[in-house]
Amino acid sequence: MSTPKFRVGLIGAGGISQAVHIPGWKNLPQVEIVAVADLSEATAQKAAAMAGAKQVFTDYRDLLELDLDAVDICTPNKAHTPAVLAALESGKHVLCEKPLAVTTDEVRAMGVLADSKNLKLMTGQHQRFTQGAVASKTWVDGGNLGEAYHARVRAMRRAGLPPAFGFIDQKLSGGGPSMDIGVHALDLCMWLMGFPKPVRVSGSAKTVFAKGHGMPNMWGEWDRERFSVEDFATGYVHFDNGATMILESAWLSHQEENEELLAQLYGTKGGLKWPDAKFTTVINGTHAQGSLTHPINVQHPHWNEIAAFCDCVQNGKPSPVPWTETIKVIGILEALYTSSTEGREVAVKG
Ligand SMILES: NC(=O)c1ccc[n+]([C@@H]2O[C@H](COP(=O)([O-])OP(=O)(O)OC[C@H]3O[C@@H](n4cnc5c(N)ncnc54)[C@H](O)[C@@H]3O)[C@@H](O)[C@H]2O)c1
């Protein structure tokens, strides 16, 4: 008798789903991608052909009627919450792309529902599954950083504004580079810090270049009228243990690097930079430094993320990226935006 397949449905089957999620699911021999739902039937059909899925829907509520173990949600950010809640209501475990939601109220609603139904909910923070991240986490968990008392988080692009409406229209994305790429570096940094509780944030989010016409962009033109998010944001975060953090993210800026992703941690025993996984410390009164490596498959962090989700569902393990961590990440970004609008330091919800 053959073992039953792990039955998966895909909701939102555009860019990231086709590029890395479908190949990641197909890489797992125990998985069958049963169905695909996308508002665009052509997109759903194309993805279903890639995935070997027999059923296609334009309304994800029809997909959720099926007998599935889990769903993988890759819609634009603002469409995550209704889809995640409906999927959990229908009894499916959920993997959802980052940012899980753009407010702490939404993250909490999802998390409470998942917990009440004993279902797994995982945020798709694939950067945690890179070699540099695993090596860095292993080094930190070994006690080499000591207490993290300060951190710098950067997700700064020179000419990397994604023109799709799902990113630049506030009604679809809920935020600009902070929600797009800032969330990666912030999640990684918080994970390495051991997720201290953020308590207050002073921030500024502004549109510096994206309404104008002077800045080149590697992905071409975008709709200036519909652009309704920030293109630069910065924040200063205080944690309840006294630690602090500076956060910066941008899609367009005057800098030499095409993209700088950075989480730099300052600890009482050592320092660490991700994604390079470079550390500094003091040995017998002398400065020392080096690079960390870890022998994991470094080729496909998204595939590693999907395999970790599948493993947590099939083997009853905790979610590798639980909502209780994500709510602190989103709490910081939510407070940053509120601080920017109200012109004052604000308390982090969560
Ligand atoms: N982790 C990463 O590396 C990474 C990279 C890119 C995007 N993302 C995230 O993935 C998500 C999707 O981004 P993308 O680049 O694939 O966008 P995309 O626009 O290419 O694809 C989104 C798809 O969702 C569909 N959709 C929209 N609303 C829907 C709904 N209510 N029901 C069903 N389908 C719906 C759209 O028709 C589209 O095909 C975003 O949350 C984004 O932040 C993550």
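All ligand and atom numbering here is 1-based and tracks the order in the structure.
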By number and element, which atoms of ligand 1 are closer than 4.0 Å to a non-hydrogen atom of Thr43?
-> 39 (O)
Ligand 1 contact by Gln125, heavy-atom criterion under 4.0 angstrom = no
If we number the atoms of ligand 1 from 1 as shown, the ones under 4.0 Å from a heavy atom of Gly15 are 16 (O), 18 (P), 20 (O), 21 (O)
How close does the nearest protein non-hydrogen atom get to atom 2 (C) of ligand 1, and which residue and atom is it?
-> His302 NE2, 3.5 Å
among protein heavy atoms, the one nearest atom 32 (N) of ligand 1 is Tyr60 CD2, 3.6 Å
Does the pair Glu89/Arg61 count as a salt bridge with the N-to-O cut at 4.0 Å?
-> no
Does ligand 1 have an atom that lies less than 4.0 angstrom from a heavy atom of Pro76?
-> yes
Group every Ile, Leu, Val, Met, Phe, Trp and Tyr by side-chain heavy-atom contacts under 4.5 Å, then state whether Val36 and Ile11 land in the same group.
-> no
So which protein heavy atom does atom 11 (C) of ligand 1 come closest to, and at what separation?
-> Thr75 O, 3.2 Å
Heteroatom proximity flag, His80 to ligand 1, N/O under 3.5 Å | yes
Is the shortest distance from a heavy atom of Gln127 to ligand 1 less than 4.0 Å?
-> no
Would you say the side-chain atoms of Thr234 and Ser204 include a donor-acceptor pair closer than 3.5 Å?
-> no
N or O contact, Ala79 vs ligand 1, cut-off under 3.5 Å | no
Does Asp180 have a non-hydrogen atom less than 4.0 Å from ligand 1?
-> no
For ligand 1, which atoms have a heavy atom of His184 less than 4.0 angstrom away?
-> 1 (N), 2 (C)
Nearest protein heavy atom to atom 44 (C) of ligand 1, by residue and atom, and its distance?
-> Glu97 OE1, 3.1 Å
Lys/Arg-Asp/Glu bridge criterion (N-O < 4.0 Å) met for Asp69, Lys92 | no
So, are Asp187 and Lys98 salt-bridged, with charged N and O less than 4.0 Å apart?
-> no
Closest approach of any protein heavy atom to atom 41 (O) of ligand 1, naming residue and atom | Asn77 OD1, 2.6 Å
Quick one: which ligand 1 atoms are inside 4.0 Å of a heavy atom on Gly12?
-> 24 (O), 34 (N)
Could I get the full list of salt bridge (Lys or Arg N to Asp or Glu O under 4.0 Å) partners for Glu256, not counting sequence neighbours?
-> none
Is Asn304 reaching over with its side chain to a backbone N or O of Phe129, donor-acceptor style, under 3.5 angstrom?
-> yes
Which atoms of ligand 1 are found less than 4.0 Å from any heavy atom of Phe167?
-> 7 (C), 15 (O)
Same cluster (ILVMFWY, side-chain, under 4.5 Å), Leu188 and Ile181 = no
Do NZ/NE/NH1/NH2 and the carboxylate oxygens of Glu221 and Arg224 come within less than 4.0 Å?
-> yes
What protein heavy atom sits nearest atom 36 (C) of ligand 1, and how far off is it?
-> Asp38 OD1, 3.4 Å
Is the His184 ring parallel, tilted or perpendicular to the His126 ring (thresholds 30°, 60°)?
-> perpendicular
Linked, directly or transitively: Phe165 and Phe227 (ILVMFWY side chains, under 4.5 Å) | yes
Any non-hydrogen atom of Met179 lying under 4.0 Å from ligand 1?
-> no
To the nearest 0.1 Å, how far is atom 21 (O) of ligand 1 from its closest protein heavy atom, and which atom is that?
-> Gly14 CA, 3.4 Å
Can you check whether a protein heavy atom sits less than 4.0 angstrom from atom 19 (O) of ligand 1?
-> no
Can Arg226 and Asp169 be counted as an ion pair, charged N to O under 4.0 angstrom?
-> yes
Atom 30 (C) of ligand 1 sits nearest the protein heavy atom Leu39 CG, 3.6 Å
Ring centroid separation for His93 and Phe6, is it under 6.0 angstrom?
-> no
Between Ala164 and ligand 1, which part of the residue brings a heavy atom under 4.0 Å of the ligand: side chain, backbone, both or neither?
-> neither
Note: heavy atom closest to atom 5 (C) of ligand 1, options Ile16, Leu63, Ile11, belongs to Ile16
So, are Lys211 and Asp231 salt-bridged, with charged N and O less than 4.0 Å apart?
-> no
Answer yes or no: does an N/O atom from Lys98 fall short of 3.5 Å to an N/O atom of ligand 1?
-> yes
May I ask whether Phe165 has any heavy atom positioned less than 4.0 angstrom from an atom of ligand 1?
-> no
